[in-house]
Amino acid sequence: MMDAMPLPRNSARLSRIDIRALPSHVRAVLGGIDEVLVYDLAMNVRFRRVTSRDGLLLHGESGWAEAAPFWDYDPAESSTWLEGAIDAASSPGPRLHRDAVPVNVTIPVVSAESARDRVIRSRGCATAKVKVADPGARLEDDAERVRAVARALAETVGDEGRVRVDANAAWTADEAIAAIELLDEAAEAVGGLQYVEQPCASVEELARVRRAVRAPIAADESIRRASDPVAVARAGAADVAVIKIAPLGGIRRALRIGEETGLRLVVSSALESSIGLQVAVRAAASIPGEVLACGLATASFLASDVVAEPVRVEAGSLPLRELEPDLRLLASPVDEALRARWIDRLDAMAVHLGERR
Ligand SMILES: O=C(O)CCC(=O)c1ccccc1C(=O)O
Ligand SMILES: [Mg+2]
């Protein structure tokens with residue numbers, strides 16, 4: 001008889017890649033990886049230009065991990081995501097210092113009313129990160145959204161409420177200085193902005209903005225997409241380092257970079273499935289001492305997930321869990337063209353990784 005368990009609604013798609021059929025240079029890079037899957041998930045919100053997520057899930061001696069570089073990352077840049085996933089699936093995990101990690105609720109570019117709603121339904125997050133400066137968005141709408149979020153937090157968690165914003169490098173230095181002044185004021189109900197993430201693209205602009213505004217500055221793209229991820233810290237251009245585990249090459253490499261910056265750390269997601277999020281939770285749980293709320297509460301942006309029970313915020317934190325993909329999803333395979341694209345991409349990433357080793 002066929003498996004009688006019904007598939008979840010809005011089902012994710014999942015397919016297997018036969019490792020034995022891969023070229024030897026790819027198999028050499030994969031090392032002890034004994035399972036490679038391709039997933040394809042819809043998102044239920046537009047996040048910048050991203051409306052769906054697809055990627056690879058890898059299994060090895062230490063469990064499951066994920067490599068899901070966005071399609072605008074070239075093979076060289078993407079190869080660090082693969083490196084990190086192979087490392088996480090193959091190496092013993094880090095020493096853990098806590099069994100749950102505080103997280104921020106992430107507020108996409110939505111109406112003020114919907115933003116308020118998201119804070120209230122955040123399952124106890126005292127910190128909110130508000131996306132601002134989306135292409136085509138108006139600063140006044142950003143300010144209104146920040147104000148709604150700050151007020152909702154002040155009402156629900158009082159003094160513990162924190163609001164940070166993320167501009168994804170959209171502003172010039174002059175635009176940033178003016179916008180931050182306005183948004184800092186909009187966050188008045190929680191005492192102003194906790195920090196502004198990546199207001200401008202370059203380290204020089206960040207440094208200039210940091211000198212000109214009250215709010216602290218966090219670096220994200222300046223770390224995650226830079227040839228020298230520590231340069232922004234050396235230049236005195238940031239107060240906080242946003243650490244994305246997958247693009248920075250996995251738990252150990254990412255945390256080493258974080259430590260080298262000497263800045264306060266926030267571990268944040270790259271919109272991974274629950275498998276990748278759980279690797280990032282493990283990384284955040286291994287940071288000794290205080291951690292700021294991490295940007296890992298993004299599973300709710302996925303319309304479906306690759307595990308039977310997606311990671312879920314509890315009392316403002318994500319608990320540590322061991323997760324594995326729901327293999328029943330193999331009954332709804334990804335498009336063959338997408339699977340072929342990932343096989344090609346795996347090859348291209350492996351070439352870069354092989355050369356670096
Ligand atoms: O940090 C968060 O709260 C959520 C993650 C997030 O914002 C993000 C997710 C995918 C790609 C880029 C970013 C970003 O921080 O810019
Ligand atoms: Mg960011």
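Numbering of residues begins at 1 and proceeds along the displayed sequence. Read the numbers this way: they start at 1 and go in the same order the structure lists the ligands and their atoms.
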field: Verdict with supporting geometry, E35 and L58, side-chain contact (heavy atoms from CB on, under 4.5 Å)
entry: CA-CA 6 Å; E35 184 87 274; L58 273 52; over 6 Å; no
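In this structure, the protein non-hydrogen atom closest to atom 13 (C) of ligand 1 is K244 NZ, 3.1 Å. Closest to atom 10 (C) of ligand 1 among all protein heavy atoms lies L271 CG, 3.5 Å. Protein heavy atom at the shortest distance from atom 7 (O) of ligand 1 is K129 NZ, 2.9 Å.
A distance-only check finds no donor-acceptor pair linking the side chain of S317 to the backbone of P319 [under 3.5 Å]. Looking only at distances, a side-chain donor or acceptor of R357 sits under 3.5 Å from a matching main-chain atom of V29.
Residue-level proximity to ligand 1 for D220 is carried by the side chain, the only part with a heavy atom below 4.0 angstrom. Using a 4.0 Å cut-off between heavy atoms, T298 contacts ligand 1 through its side chain alone, with no backbone atom that close. Within the 4.0 Å heavy-atom criterion, the part of N168 lying near ligand 1 is the side chain and not the backbone.
Residue K131 has at least one heavy-atom neighbour below 4.0 Å for each of these atoms of ligand 1: 7 (O), 13 (C), 14 (C), 15 (O), 16 (O). For ligand 1 and F47, the ligand atoms under 4.0 Å from any heavy atom of the residue are 6 (C), 7 (O), 8 (C), 9 (C). Near S268, the atoms of ligand 1 lying under 4.0 angstrom from a non-hydrogen atom of the residue are 1 (O), 2 (C), 5 (C). For ligand 1, the atoms lying closer than 4.0 Å to a non-hydrogen atom of N104 are 3 (O). Of all the atoms in ligand 1, the ones that sit under 4.0 Å from a non-hydrogen atom of D166 are 14 (C), 15 (O), 16 (O). Contact atoms of ligand 1 toward E197: 15 (O) (distance under 4.0 Å to a heavy atom of the residue).
Checking only distances, S269 never comes within under 3.5 Å of ligand 1, N or O to N or O. At a 3.5 angstrom cut-off on N or O pairs, T106 counts as close to ligand 1.
Put simply, the side chain of E66 does not reach to within 4.5 Å of the side chain of L277, judged on heavy atoms. Side-chain contact check for P69 versus M349: some heavy-atom pair is nearer than 4.5 Å.
For the pair Q198 and ligand 1, no heavy-atom separation below 4.0 Å is found. Note on ligand 1: R224 sits in its first shell, one or more heavy atoms being nearer than 4.0 Å.
Of all N/O/S atoms in D166, OD2 sits nearest the Mg ion (ligand 2). Of all N/O/S atoms in D220, OD2 sits nearest the Mg ion (ligand 2).
Using a 4.0 Å cut-off between charged side-chain N and carboxylate O, R210 and D239 make a salt bridge. With salt bridges taken as basic N to acidic carboxylate O contacts below 4.0 Å, one links E197 and K129. A salt bridge links E83 to R356: one of the charged nitrogens lies within less than 4.0 Å of a carboxylate oxygen.
Annotation: cation-pi pair R46/F301 absent, no NZ/CZ under 6.0 Å from the ring centroid and within 45° of its normal. For the pair R49 and W71, the NZ or CZ position fails the cation-pi test of under 6.0 Å to the six-membered ring centre and within 45 degrees of the ring normal.
Residue E197: an N/O/S atom is found under 2.8 Å from the Mg ion (ligand 2).
Using a 30° and 60° split on the angle between ring planes, F70 and W81 fall in the perpendicular class, above 60°.
A 6.0 Å sphere centred on CD of E259 holds no more than 12 heavy atoms belonging to other residues, nucleotides or ligands.
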